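Data first, discussion second: the structure below is written as structure tokens.
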Amino acid sequence: MNYWLFKSEPNEFSIEALEKMPRKTEHWDGVRNYQARNFMRDEMRKGELGFFYHSSCAEPGIVGIIKISKEAYPDHTAFDPTDKHFDPKSDPQAPRWFMVNVTLVEKFREPITLKTLKSYADRQLADFRLLARGNRLSVMPIEKKHWKFINSLR
DNA sequence: GCCAACGTTGGC
DNA sequence: GCCAACGTTGGC
């Protein structure tokens with residue numbers, strides 16, 4: 001059982017937008033980083049949980065919990081020349097990029113802000129990947145101890 | 001295989 | 001808007 005963190009810029013796709021989708025489910029498309037892709041394609045399993053993180057916004061932080069509702073399948077947005085995430089090197093016969101479906105489990109009443117998370121950076125969250133220097137992964141695994149600790153902050 | 005140039009990410 | 005950190009690209 002793995003735990004995950006999914007980053008998104010809320011003006012691109014927010015937890016509020018997910019909440020409004022049919023069955024509160026949407027595909028997590030547009031991942032164009034090999035390491036993040038490998039996590040999704042090779043390790044994410046249906047039913048696993050993840051945090052939804054808002055980045056590049058007024059108050060970056062964890063805003064809720066989602067679950068994997070469909071395991072990895074080809075990211076069709078890579079095949080669409082009109083799509084922002086079009087990649088001419090991804091071929092439907094040999095897809096380069098993948099996505100999963102996520103379903104909203106819970107939107108937090110109050111976000112757990114990056115500022116709050118950082119306040120534990122030298123203690124309980126000392127080796128938390130999100131806080132690692134220069135980390136830019138949009139999809140990353142979370143250790144169970146960190147998952148539990150962050151949930152205790154709610 | 002090396003590495004400089006370039007583009008992107010993301011906090012501030 | 002700035003800038004540090006990082007990933008990718010492409011010439012050699």
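None of the values given here were measured: they were computed from a predicted structure. Below, each value reflects all heavy atoms present in this structure, side chains not excepted, and no hydrogens, waters or symmetry copies. A, B, ... follow the sequence lines: proteins, then strands. Residue 1 opens every chain.
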Under 3.5 Å between N/O atoms: give me all the protein pairs with nucleotides 7-9 of chain B, atom names plus distance.
unit_1 : atom_1 : unit_2   : atom_2 : d
B:dT8  : O2     : A:Arg136 : NH1    : 2.6

Determine the minimum heavy-atom distance between A:Ile62 and A:Ile150, stating which atoms define it. CD1-CG2, 3.9 Å
Taking atom C1' of B:dG11 as reference, at what distance in whole Å does atom CG of A:Leu131 sit? 12 Å
Starting from C1' on B:dG11, measure out to NE2 on A:His54 and report it in whole angstrom. 16 Å
Between A:Tyr34 and C:dC6, is there a side-chain N or O to OP1/OP2 distance below 4.0 Å? no
Taking distance alone, no hydrogens or angles, what donor-acceptor pairs closer than 3.5 Å link side-chain atoms of residues 12-22 of chain A to residues at least two apart or in another chain?
unit_1  : atom_1 : unit_2   : atom_2 : d
A:Glu12 : OE1    : A:Lys84  : NZ     : 3.4
A:Glu12 : OE2    : A:Lys84  : NZ     : 3.0
A:Ser14 : OG     : A:Glu16  : N      : 3.4
A:Ser14 : OG     : A:Glu16  : OE1    : 3.4
A:Ser14 : OG     : A:Ala17  : N      : 3.0
A:Glu16 : OE2    : A:Lys107 : NZ     : 3.3

Side chains of residues 120-132 of chain A: which donor-acceptor partners sit under 3.5 Å, not counting sequence neighbours?
unit_1   : atom_1 : unit_2   : atom_2 : d
A:Asp127 : OD1    : A:His146 : NE2    : 3.0
A:Asp127 : OD2    : A:Lys145 : NZ     : 3.3

With the threshold set at under 4.0 Å for non-hydrogen atoms, list the residues of residues 74-99 of chain A touching DNA chain C in residue-number order. A:Lys89
Any residue in residues 107-119 of chain A with a heavy atom nearer than 4.0 angstrom to DNA chain B? Just list them by number, or reply none. A:Leu114, A:Lys118
Can you list everything that forms a ring-ring contact (aromatic ring centres under 6.0 Å, His included) with A:Tyr53? Sequence neighbours excluded, please. none
Identify, with sequence neighbours excluded, every residue that meets ring-ring contact (aromatic ring centres under 6.0 Å, His included) alongside A:His27. A:His76
Residue pairs, two or more places apart or on separate chains, that pass ring pair (Phe, Tyr, Trp, His ring centres under 6.0 Å) and touch residues 91-114 of chain A: A:Tyr34-A:Trp97
Under 4.5 Å side-chain heavy-atom separation, chaining through any Ile, Leu, Val, Met, Phe, Trp or Tyr, what else clusters with A:Phe86? Say none if it is isolated. none
So, using side chain to side chain contact (heavy atoms under 4.5 Å, CB included) as the criterion, who are the partners of A:Asn151 when residues are at least two apart? A:Phe51, A:Ile65, A:Trp147, A:Arg154
For A:Ser56, enumerate each residue passing the side chain to side chain contact (heavy atoms under 4.5 Å, CB included) test, keeping only those at least two apart in sequence or located in another chain. A:Glu9
The criterion is side chain to side chain donor-acceptor pair (under 3.5 Å); which residues satisfy it with A:Thr103, sequence neighbours excluded? A:Thr25, A:Ser69
